[in-house]
Amino acid sequence: MTLRFLLRNLLAQAAKVAAKKLGVALPNGFVARVDYTPNIKLGHYATPVAMELAKVFKKSPRQIAESILDALDKSYFTKVEIAGAGFINLTFSTKTLSNAVSFPSVGKWLKNVQGEIESEKIIFEYVSANPTGPMNIVSARAASVGDSLTRTLKAAGCDVWREYYVNDFGNQVEMLGLSFAYRYLQKFVPVELPENCYQGEYIKDYLEKILTDEKTPDAILLTKERIDTLDKSAWFLEAGKYFAPLGVRAILTDQQKDLKTFRAEFDQFFSEASLHQKGAVLEIAEKLKVKGKIKSEDGAQVFLSTEYGDDKDRVVVRSDGRPTYLLADIAYHHNKVERGFKRIVDIWGPDHHGYIARLAGALKALGFENFKVIIAQQVNLLENGEPVVMSKRLGKFQTMRDLIEKIPVDVCRYFFVVRSLGTHLDFDLTLALDQSKKNPVYYIQYAHARIHSIAREVDFGLTKPLELERVIGAGRLYEFFEREELFLFLLRFPEVVQDIARNYEIQRLPEYLYQTATLFTAFYHGKNNRIKDVLQSNPDEGFALLALCAFTAQVLETGLSFLGISAPKEM
RNA sequence: GCCCUCGUAGCUCAGUGGAUAGAGCGUUGGUCUCCGAAGCCAUGUGCACAGGUUCGAUUCCUGUCGAGGGCGCCA
């Protein structure tokens with residue numbers, strides 16, 4: 001059990017008793033709010049519950065606080081007091097702390113407290129870059145956040161599935177095929193690439209690969225002799241159809257390779273084309289029609305998304321009978337519902353926010369409401385302080401692979417998760433490299449490596465079971481503030497994980513780890529914490545300090561692993 | 001024009017309705033006879049503005065101003 005969970009239960013009981021005694025009723029669904037104190041000298045936790053209840057109870061916060069304290073089981077605490085406007089500050093006893101931390105490892109500890117938060121079957125979709133070119137920098141941001149978030153959610157006990165939607169169907173795939181055809185033809189005669197084709201040089205590279213790897217059918221194959229008699233329009237049609245799927249496959253393969261390098265994992269790559277083949281796309285239009293949410297307009301079928309807060313109704317089936325992208329996306333999300341997911345979360349780029357209302361509306365029309373979209377704001381990529389121009393069509397853009405090649409994955413991933421997704425991110429490549437030695441991610445890794453260095457010095461195995469009762473007892477925790485502060489901060493780790501699982505704000509984890517590293521470094525520099533010396537003068541105390549180090553190392557390593565960042569033992 | 005996101009220190013940004021609003025970078029000055037100095041210590045006139053809700057607002061609501069993005073039978 002986490003200390004916070006324990007405290008909430010104790011406070012809920014006490015509030016109930018207090019309410020009864022005061023002759024008032026607690027609000028329905030009352031949950032005592034528990035915060036950390038601004039300074040652990042005030043106590044381990046604080047609750048503003050007396051102030052919150054002041055209005056309902058029509059009593060002064062102080063009076064309520066006193067009633068709650070009267071009813072509180074004080075055997076868990078060494079100190080409880082009322083402070084300020086009516087805060088209740090609580091300090092747990094050594095015994096309570098010992099009970100809370102009796103586990104062999106941080107991993108086991110996390111497993112142990114998994115039952116404290118609700119878990120439902122949940123699907124996360126992120127990145128989902130179009131298979132028409134290399135991934136850009138926003139994809140890298142989404143990959144970092146999506147991957148780190150889902151790893152953390154899993155650790156908190158959530159049942160998470162991670163998916164990448166592949167838009168391998170529709171106009172843009174046709175344009176991709178055509179782009180290949182033009183590049184192929186260009187090898188023989190000068191023709192200009194149409195404006196709406198993909199302009200990037202990468203098409204040429206993929207083309208060469210396809211021409212080498214695959215046996216080009218005679219109908220497509222070009223030779224010097226054939227050019228003169230070629231029926232170009234017929235050939236383009238055939239060649240476009242031929243190259244499109246091969247191009248998609250080649251590009252997707254490279255995307256997957258980059259994601260793997262980036263340590264971003266997925267459980268499944270879901271093909272849009274597979275939905276069309278099954279007929280699931282047009283089928284969903286029928287379902288919406290049955291619900292009365294489709295109207296006909298100029299021969300097209302239009303979803304009444306304005307009923308769900310959208311600006312205008314949206315075409316889902318074109319007048320020529322072809323479905324729009326939106327309809328496929330509705331079918332895809334409905335497919336997620338059919339697979340039994342109780343919560344659907346998508347991370348989208350900033351250019352898609354206008355799309356939320358119509359998709360959420362369609363899901364609502366189909367009876368599903370637990371749908372959440374997180375918008376990853378744009379990344380302004382800077383080089384030497386100057387913005388890097390990104391344009392897929394002009395072929396001038398910074399790819400995710402460029403980024404990985406320039407900057408270590410550990411640093412990239414840290415930079416992307418340390419800022420909340422809602423803010424526009426300035427990512428200065430030059431700065432990221434120039435400052436690399438002072439980079440926060442190295443600071444965290446360094447603290448971890450330093451602990452291993454200490455362990456090597458004194459020949460102590462950091463992987464053996466944590467003996468944290470010993471830290472509290474023999475560690476003389478309350479005599480040295482750096483020890484106590486570090487220890488109590490480490491105890492918050494599962495609570496931080498739980499918070500992230502609830503609010504999806506992954507940036508709290510790197511911040512927590514950074515602060516953990518800071519507290520450890522302060523501890524390390526404390527004159528009284530020189531482990532080699534303490535082991536000489538008082539072996540019990542020395543081993544207690546080593547246990548505290550091992551605890552720190554495990555928290556850092558585990559936390560970094562959620563972020564997909566390595567935890568080196570030496571640097 | 002409509003919609004979305006954002007506005008916190010010189011810069012980049014944390015901050016779950018609570019106590020004295022924090023961190024990194026930058027600046028300036030200290031600091032290794034030492035388990036790792038990639039370190040540590042010191043150094044700050046800051047919540048865009050105006051209303052509202054609340055016992056309490058940087059946080060929630062409304063408006064103004066400013067920055068970015070989105071408004072297709074493209075995906």
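Just so it is clear, the structure is predicted and the values come from calculations on it, not from any experiment. Residue numbers start from 1 in every chain, and the chains themselves are labelled A, B, ... in the order their sequence lines are given, proteins ahead of strands.
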Heavy atoms from C-beta onward define the side chain here; which of B:U5, B:U12, B:G36 lies closest to that of A:Gln377? B:U5
If a pair satisfies salt bridge (Lys or Arg N to Asp or Glu O under 4.0 Å) and one of its residues is in residues 511-523 of chain A, list it, with sequence neighbours excluded. none
Could you work out which one of B:A75, B:G68, B:G18 sits closest to the side chain of A:His424? B:G68
Expressed as a whole number of Å, how far does the P atom of B:U31 sit from that of B:G68? 47 Å
Nearest-angstrom distance, P atom, B:U5 to B:U62: 10 Å
Using the side-chain heavy atoms of A:Asn171, tell me which of these nucleotides is nearest: B:C74, B:G69, B:A38. B:C74
Just verifying a value: how many Å separate A:Arg483 CZ and A:Leu519 CG, rounded to the nearest 0.5 Å? 15.0 Å
Would you check if A:Tyr524 stacks with the base of B:C35, given a 5.5 Å centroid limit and a 30° plane limit, both strict? yes
Does the aromatic ring of A:Phe87 sit over the six-membered base ring of B:A19, closer than 5.5 Å centre to centre and tilted less than 30°? yes
Hey, is the side chain of A:Asp168 pairing donor to acceptor with the base of B:A75 inside 3.5 Å? no
With a 4.5 Å heavy-atom cut-off, do A:Val317 and A:Leu282 have their side chains touching? yes
Could you check whether A:Arg358 makes a cation-pi contact with A:Tyr308, meaning its NZ or CZ is under 6.0 Å from the centre of the six-membered ring and within 45° of the ring axis? no
In B:C4, glycosidic geometry as syn within 90° of 0 or anti otherwise: anti
Which residue, A:Lys569 or A:Thr37, contacts RNA chain B at a nucleotide closer to its 5' end, judged by nearest heavy atom? A:Thr37
Side-chain donor/acceptor of A:Arg33 to base of B:G18, under 3.5 Å: yes
Let's see if you get this right: which residues in residues 530-552 of chain A place a heavy atom under 4.0 Å from RNA chain B? A:Arg530, A:Ile531, A:Lys532
Taking the P atom in each of B:C60 and B:C6, what is the distance between them to the nearest angstrom? 9 Å
Contact check, residues 304-316 of chain A vs RNA chain B, heavy-atom distance under 4.0 Å, returns A:Lys312, A:Val315
Is there, by distance only and without an angle test, a donor paired with an acceptor across the side chain of A:Ser319 and the base of B:C73 below 3.5 Å? yes
Picking from B:A75, B:G36, B:C13, which would you name as closest to the side chain of A:Arg358? B:A75
Determine the sole option in A:Phe493, A:Phe562, A:Tyr36 for which the ring-ring contact (aromatic ring centres under 6.0 Å, His included) test with A:Tyr512 is passed. A:Phe493
Can you tell me how far C1' in B:G44 sits from the matching atom in B:U8, rounded to whole Å? 14 Å
Could you give the distance separating B:U12 and B:G7 at their P atoms, to the nearest angstrom? 13 Å
